[in-house]
Amino acid sequence: MERESKKFYFLSLGCPKNDVDSELWINKLEEYNYKSVKHPDDADFLFVNTCAFIKDARLESTEAIQKLGEIRTKFPEKKLFILGCWPQREGKKLLHLFPQVDGIFGNSDLEQTIDAFKRFNGSRSKVVCVPDKFAVCNPTFHKPDTFPYAFLKIAEGCDNHCSYCILPKIRGPFRSLPESEILRRAKFLIEKNYKELILIAQDSTAYGKDLGNGYNIIRLLHKLDDIPGDFLIRVMYAHPKGVTPELIQTISDLPKIAKYLDIPFQHFDNEILQSMNRKYTSEDIEIILENLNSVKNRIVLRTTFIVGFPGEFEEHFEKLYDFISRGEFTHVGVFQYSLEEDTPAYSMPNQIPQDIASLRKEQLEMIQDEIILKRNKSMVGKVFRALIERQTIRKGFVIARMEEDAPQIDRIIKLKSKLKPGEWCNVRLVKALAHEFLGIEDRNYHT
Ligand code: SF4
């Protein structure tokens, strides 16, 4: 008689890079005949893939672990595991913090940690597997549930050591996934009808630097663009150092590369950029913007800024405020500086009080909202090609997204349509808000 499969519940927190790792865990568990369930009450094994990037992320992870911990305590036959960035950062200390947890697994070498779980298989003793050696590059995944787009990890780790960031310690040094492997996975996803592949890494534009032999992001984009099919490739997390005139030209020229770039500039004041150890200046930022403005096809920009970094006095903040006010960016994420132990910024003088940082964040968000609302309104009446992403709860309505918007973080269009997720359509925008549009399908319009 066949043994009944054990059931697992998997909660993934944090960024798309973590989602990619979660996907690998889920695929492996299914391969080993465990069955995924949607509710923790129905599961034998409970997993939380944590984020430990900043304090707020750790708070979210804590809440999730405690909630699942209550279920674990109520039903002692269930087992609870925490994975990912937080175990990688804190090791077995987390077992003391969360005594209800049965095991912790780091993310430095996913194959090794998943094997350790398999060996655990219900044992009564607790398991800890946080390999201190980082794997060449954790593999990406094959079965994302975000159809019609998928995140494709191209590299792991980071060598930049920004003074506020703990990630190089958690994720290790920069390692590129072999180009052939990325292409194989991209082809697989395109054959499965995925319409948008989003290239992610801690530092995407550094792709290939550790591989030698001419491997780099530009060559990778050309190879991806050569794959037959009707799809888009989007580049996220482009460190400004890697945004060369050649890369900008490539993005402008290649038809399947989205005319979109996410370049986290983080600040615009040279003193702050220097103490952040970003290794570029506001003059370098101006050159990048000039290069972006000089290409034939307009490239829409997303960026992020950090406010309240140690030593950010009013005059530094004003420079950043004036820079954003120029309206160069369609999408801006503003983050309040988070004090992280084990980073150089932790012991820097002139730490900025939280209330000031929070006010600065609000000020930047307000000015950006004004800019984007004005821009969105100027788009009303025009027709844009959009990808249907999902149906809404309201019958007959769908969510679509333009090339100039990335999934999950940028604007959406709501429209009435019978089209299915993964289909392209032309949409005339009829109403604009700061973060979404209402539109109607325009079948008479041909791009
Ligand atoms: S580029 Fe800087 S902020 Fe980004 S992951 Fe690397 S060290 Fe962290």
Side-chain angles (χ1 to χ4, degrees), residues 4-30 32 34-108 110 113-114 116-118 120-130 141 143-146 151 166-167 170-171 335-336 338-341 354 393 408-409:
E4 209 195 326
S5 314
K6 292 269 190 195
K7 299 188 184 89
F8 69 93
Y9 169 79
F10 203 104
L11 179 65
S12 186
L13 303 173
C15 64
K17 285 156 276 193
N18 230 25
D19 291 342
V20 171
D21 292 351
S22 298
E23 201 60 45
L24 187 88
W25 265 92
I26 292 169
N27 287 345
K28 281 281 180 190
L29 291 168
E30 287 177 345
Y32 297 146
Y34 295 95
K35 199 167 163 270
S36 167
V37 291
K38 295 232 174 311
H39 200 281
D41 286 347
D42 302 328
D44 303 294
F45 296 124
L46 310 166
F47 293 91
V48 189
N49 194 5
T50 59
C51 175
F53 182 39
I54 54 173
K55 198 170 151 211
D56 283 353
R58 288 193 296 280
L59 273 178
E60 193 190 5
S61 297
T62 302
E63 274 171 25
I65 296 164
Q66 283 172 341
K67 232 171 162 181
L68 292 177
E70 283 167 22
I71 299 178
R72 159 76 177 85
T73 311
K74 214 161 136 197
F75 303 99
E77 68 282 4
K78 293 185 194 287
K79 303 288 174 200
L80 172 60
F81 304 97
I82 46 180
L83 326 172
C85 288
W86 207 4
Q88 192 63 42
R89 183 173 175 174
E90 299 292 346
K92 59 178 165 204
K93 265 196 248 166
L94 291 184
L95 284 183
H96 302 295
L97 196 59
F98 302 109
Q100 64 278 57
V101 160
D102 296 280
I104 62 166
F105 300 101
N107 57 13
S108 47
L110 290 184
T113 44
I114 293 170
F117 167 74
K118 209 178 147 204
F120 165 81
N121 200 19
S123 137
R124 279 172 185 276
S125 51
K126 301 207 176 203
V127 57
V128 176
C129 181
V130 184
F141 66 124
K143 266 188 8 192
D145 58 3
T146 51
F151 294 101
I166 194 74
L167 276 175
I170 300 177
R171 291 276 177 174
F335 295 93
Q336 205 171 314
S338 170
L339 187 66
E340 290 303 311
E341 267 182 74
Q354 295 276 312
I393 307 170
Q408 300 183 4
I409 44 175

Flag, side chain of [X] to backbone of [Y], donor-acceptor distance under 3.5 Å:
X      : Y      : answer
Lys92  : Ile104 : no
Lys55  : Leu339 : no
Gln100 : Thr73  : no

Please assess Thr113 against Leu83 for the test side chain to side chain contact (heavy atoms under 4.5 Å, CB included), listing each intermediate value before the final yes or no.
-> CA-CA 9 Å; Thr113 44; Leu83 326 172; over 6 Å; no

Less than 4.5 Å apart, any side-chain heavy atom of [X] and any of [Y]?
X      : Y      : value
Ile114 : Lys118 : no
Tyr9   : Lys78  : no
Val101 : Leu95  : yes

Paired with Trp86, the ring-ring contact (aromatic ring centres under 6.0 Å, His included) test is passed by just one of Phe105, Phe53, Phe98, namely Phe98

Looking at the rings of Phe81 and Trp25, which for Trp means the six-membered one, are their centres under 6.0 Å apart?
-> no

Aromatic contact, Tyr34 with Phe117 (centres under 6.0 Å) = yes

With sequence neighbours excluded, what pairs up with Asn18 under the side-chain contact (heavy atoms from CB on, under 4.5 Å) test?
-> Cys15, Asp21, Asn49, Cys85, Arg171

Run the side chain to side chain contact (heavy atoms under 4.5 Å, CB included) check on Leu97 and Ile65 step by step: do they pass?
-> CA-CA 11 Å; Leu97 196 59; Ile65 296 164; over 6 Å; no

Can you list the steps and then say if Phe47 with Leu68 is a side chain to side chain contact (heavy atoms under 4.5 Å, CB included)?
-> CA-CA 9 Å; Phe47 293 91; Leu68 292 177; over 6 Å; no

What distance do Ile170 atom CD1 and Asn107 atom CG have between them, rounded to the nearest 0.5 Å?
-> 7.5 Å

Heavy-atom closest pair, residues Thr50 and Pro87 | OG1-CD, 3.4 Å

Salt-bridge contact Glu341-Arg89 (side-chain N to carboxylate O under 4.0 Å) = no

Anything under 3.5 Å between a donor and an acceptor, one on a side chain of residues 35-42, the other on a protein residue two or more places apart or in another chain? List them.
from: His39; atom 1: ND1; to: Asp41; atom 2: N; distance (Å): 3.1

Stepwise side chain to side chain contact (heavy atoms under 4.5 Å, CB included) check, Asp44 with Lys79 | CA-CA 6 Å; Asp44 303 294; Lys79 303 288 174 200; over 6 Å; no

